[in-house]
Amino acid sequence: MAAPGFERVAISEQEPAVRAKNFDEVCLGYTEEEAVVEAARCLNCKNPRCVQGCPVKIDIPAFITAVKERDFKGAYDKISESSALPAVCGRVCPQETQCEALCVRGIKGDAVAIGKLERFVADRAREEGIKPSKTAESNGHKVAVVGSGPAGLTCAGDLAKMGYEVTIFEALHEAGGVLTYGIPEFRLPKDTVVASEIENVKSLGVKIETNVVIGKSVTIDELMEDEGFEAVFIGSGAGLPMFMKIPGENAKGVFSANEYLTRSNLMKAFRPDSDTPIFRPAKVAVVGGGNVAMDAARTALRLGAEVTIVYRRSEAELPARVEEVHHAKEEGIKFEFLTNPVEILENEEHFVRAMKCVRMELGEPDASGRRRPVAIEGSEFELETDAVIMALGTSPNPLISSTTKGLETNKWKCIVADEETGATTKEGVYAGGDAVTGAATVILAMGAGKAAAKGIDDYFKNK
Amino acid sequence: MYLIKKKSVLHQSIFLMDVVAPRVAKYCQPGQFVIIRTDELGERIPLTVCDYDRDAGTVTIVVQIVGASTEKLSKMQEGDYIHDFVGPLGCPSELVTDDLEEVAKKKILFVAGGLGTAPVYPQVKWLHEHGIEADVIVGAKNKDLIILEDEMRKVAGNLYITTDDGSYVRKGLVTEVISDLVEKEGKKYDLCVSIGPMIMMKFCVMTTKKYDIPTIVSMNPIMVDGTGMCGACRLTVGDEVKFACIDGPEFDGFKVDFNEAMERMKLYKTEEGRRLLELREGDTHHGGCGNCGGDN
């Protein structure tokens with residue numbers, strides 16, 4: 001071991017060989033003793049750089065100080081001032097590029113494990129039945145929130161704390177958005193973590209109406225004109241899956257990651273008592289290199305498949321979190337880097353039998369600053385597989401923008417909204433999260449929901 | 001939770017339910033569909049709207065037992081609550097959104113096969129209420145499987161019924177009736193709307209193409225969310241890939257790749273069969289379903 005203080009307290013995880021066969025959470029979290037020891041590594045900087053790295057500006061040194069003193073309720077209250085979903089964020093935020101990336105401890109040694117400590121505090125609060133406290137009396141103003149994902153829940157929670165009467169409308173039968181349909185159980189347990197954080201938002205007075213598709217069941221104009229909502233926040237996410245538009249993509253056994261993950265996560269198809277079927281072949285290829293690709297691959301692995309991730313750039317460019325890639329590798333997922341599918345081949349019964357791929361090499365940097373992958377001529381080969389899961393990204397659903405008068409979108413169908421306030425081109429209507437930015441992270445969506453809650457409050461105050 | 005206000009059995013495998021769902025009842029239009037879920041672990045089942053009562057806040061669905069999920073629904077009674085009921089989803093039929101005067105100029109033929117009678121009904125009814133009488137062909141395997149006959153008779157111009165086995169009115173397939181009407185009775189149609197099993201719609205389109213009658217079909221592929229999120233329902237229409245849930249469910253029948261669509265329907269056939277077996281055998285079940293572990 002290196003000098004004390006330079007290394008973070010290690011966290012326990014399920015053994016790779018064991019967890020590859022179950023859907024239980026991979027990371028087991030800190031014990032109280034471990035958390036207190038890790039918290040003691042925080043230097044409580046006068047000018048805490050970590051807070052600047054947090055999209056929702058949690059007072060990190062303050063909550064860690066409370067952990068040091070074993071005042072876990074105090075720590076939870078501190079986090080709750082800024083975040084409605086600490087047990088979620090402690091698990092899925094890319095801390096390594098945000099708060100922890102700026103931690104002074106990280107200059108010489110490991111950064112303080114801020115995310116793991118946040119998770120510990122939130123889990124402890126849940127176990128002890130501690131709820132966030134409502135601060136303001138009702139002010140009588142009604143606000144509608146479209147979508148119950150991270151942006152919507154955050155915006156709704158913040159508005160409720162300020163005294164607004166908030167109703168969230170959710171298109172699916174269960175609240176949570178991507179936390180419920182997208183991120184798998186083994187990274188983010190649904191019944192314990194997600195459901196209880198949603199309950200916490202509801203305990204602030206927020207109502208959630210499921211099974212309402214805004215733009216179909218009712219429009220935003222009607223919510224404002226007929227149902228008495230004075231302001232609306234749109235946090236409807238980026239729900240439309242992309243495909244490659246290559247031959248064979250409609251063969252049986254080709255799925256969007258959205259479909260595959262929705263079947264497993266929302267519909268619980270991984271459980272034997274669920275009515276929803278999921279395709280369980282021997283070999284699965286996942287196309288893409290983001291967190292969603294890792295989630296789909298690791299789900300397929302747990303459903304019994306041999307899994308290969310096919311990514312057109314090299315390992316260095318993988319957009320997924322390092323931790324997720326590391327976990328995937330540990331569990332036995334294979335990677336084919338610098339490889340791109342060009343065709344999906346079917347058998348005589350129209351099931352996938354293989355994927356024709358080409359090898360790539362990295363050329364000049366493209367618009368994203370990453371070196372553009374270029375196909376190597378004559379390098380075609382067949383990758384044998386029974387299923388292909390496309391995890392290529394998603395784009396916003398035009399359902400809302402196309403049914404709301406005066407709501408401007410850009411060329412990518414993203415809603416145009418002010419970054420500071422969330423204000424859209426329509427009065428009283430605010431937006432944030434993936435619906436505005438295109439597919440991004442949970443925490444950025446939460447940051448946008450938070451900004452919009454403030455924007456909406458200012459709108460009422462200046463009305 | 002959504003109350004089942006009325007239930008009637010139309011056939012041993014087909015039943016009708018009026019469900020209290022005010023938001024859906026207020027906005028739904030002919031051609032659209034809903035998704036329902038019977039219970040906590042139930043599948044999301046897409047069903048085309050058969051009728052609606054905006055004042056009573058009810059939506060009528062007609063369901064045929066085809067698997068475990070629909071069998072579970074069939075066991076539910078008046079007074080029971082359906083766990084989830086969401087909609088209206090998909091686009092309304094163009095007949096109700098196009099300029100009414102233009103629609104009124106057209107001579108329209110509806111071709112309904114089996115359960116397809118249920119989604120055809122609200123369209124014919126809507127036209128009837130707007131002063132447009134359309135001809136309707138209803139076909140089924142046998143007399144028992146002809147549903148909504150009285151209701152349809154009230155709103156259709158001419159109603160032609162046919163059964164595969166000849167147990168009721170005509171004997172033969174709906175495509176033979178189309179040919180008879182056009183060739184023997186000299187009928188002229190400007191538009192055909194065909195809704196039924198995919199194989200029926202495929203052959204219907206082959207027939208109407210011969211007579212140059214533009215034909216709309218309503219596609220019912222495998223779906224999960226029904227809002228464009230999963231892409232399970234994708235179809236090839238002309239040169240494009242379309243999602244039935246948001247781009248449809250109605251499409252230009254001449255452009256739909258039916259063979260591909262029918263293949264894609266078969267994806268979970270084995271799993272569905274196993275599930276139904278497990279449900280029907282109940283406590284006596286001892287393997288073979290692939291779910292219970294009893295056969296491993």
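Every chain is numbered from 1 and lettered A, B, ... according to where its sequence line falls, protein lines coming before strand lines.
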Applying a strict 4.5 Å limit to non-hydrogen atoms, the region of B/F85 in contact with chain A is backbone
Residue B/I35 versus chain A: region with a heavy atom under 4.5 Å: neither
Part of A/K268 lying under 4.5 Å from any heavy atom of chain B: side chain
Tell me whether B/D247 contacts the main-chain N or O of B/F243 through its side chain, where contact means a donor paired with an acceptor under 3.5 Å. yes
Tell me, side chain or backbone of A/F279 under 4.5 Å from chain B's heavy atoms, or both, or neither? both
Plane angle bin for A/F229 and A/F169 - parallel if under 30°, tilted between 30 and 60°, otherwise perpendicular: perpendicular
Where the side chain of A/T180 meets the backbone of A/A175, is there a donor-acceptor pair that is under 3.5 Å apart? yes
Below 4.5 Å from any heavy atom of chain B, which atoms of A/A251 appear? Answer side chain, backbone, both or neither. backbone
Taking every non-hydrogen pair under 4.5 Å, which of B/G67, B/A21, B/P88 racks up the most with chain A? B/P88
Of the listed residues (B/K266, B/M229, B/E260, B/Q32), which shares the most heavy-atom pairs with chain A below a 4.5 Å separation? B/M229
Roughly how far, to the nearest 0.5 Å, is CG of A/N397 from CG of A/D434? 12.5 Å
Is it the side chain or the backbone of B/A232 that comes within 4.5 Å of chain A heavy atoms, both, or neither? both
Max heavy-atom pair count under 4.5 Å with chain A, selected residue of B/E40, B/H83, B/R37: B/R37
With a 4.5 angstrom heavy-atom cut-off, which part of A/T262 approaches chain B: side chain, backbone, both or neither? side chain
Against chain B, work out which of A/T210, A/L261, A/T276, A/L266 has the most heavy-atom pairs shorter than 4.5 Å and name it. A/T276
Start with the C-alpha distance between B/S74 and B/E71, add both sets of side-chain angles, then the distance that settles side chain to side chain donor-acceptor pair (under 3.5 Å), and finish with yes or no. CA-CA 5 Å; B/S74 76; B/E71 174 130 329; 5.3 Å; no
B/F251 six-ring face occupied by B/K242 cation (under 6.0 Å, within 45°): no
What residue in A/I278, A/N250, A/V213 has the most heavy-atom pairs under 4.5 Å with chain B? A/N250
Is a salt bridge present between B/K72 and B/D39, judged by a nitrogen-to-oxygen distance below 4.0 Å? yes
So, the part of B/V224 with a heavy atom under 4.5 Å from chain A: the answer is side chain
Leading residue by heavy atom contact count with chain B [cutoff under 4.5 Å; candidates A/F351, A/F243, A/Y181, A/F255]: A/F243
Determine the option with the most heavy-atom pairs under 4.5 angstrom with chain B, choosing from A/N211, A/N258, A/D273, A/V218. A/N211
Using heavy-atom distances under 4.5 Å, tell me whether B/R23 contacts chain A through its side chain, its backbone, both, or neither. both
At a 4.5 Å cut-off on heavy atoms, which part of A/E349 comes close to chain B: side chain, backbone, both, or neither? backbone
For the side chain of B/R264 and the backbone of B/L235, is there at least one donor-acceptor N/O pair under 3.5 Å apart? no
Can you confirm whether A/E209 is buried at CD, in the sense that more than 12 heavy atoms of other residues, nucleotides or ligands lie under 6.0 Å from that atom? yes
Taken to the nearest 0.5 Å, the spacing of A/L407 CG from A/D221 CG works out to 9.0 Å
Between B/Y2 and B/Y81, is the ring centroid distance below 6.0 Å? no
Which one of B/G42, B/G231, B/C28, B/A68 has the most heavy-atom pairs closer than 4.5 Å to chain A? B/G42
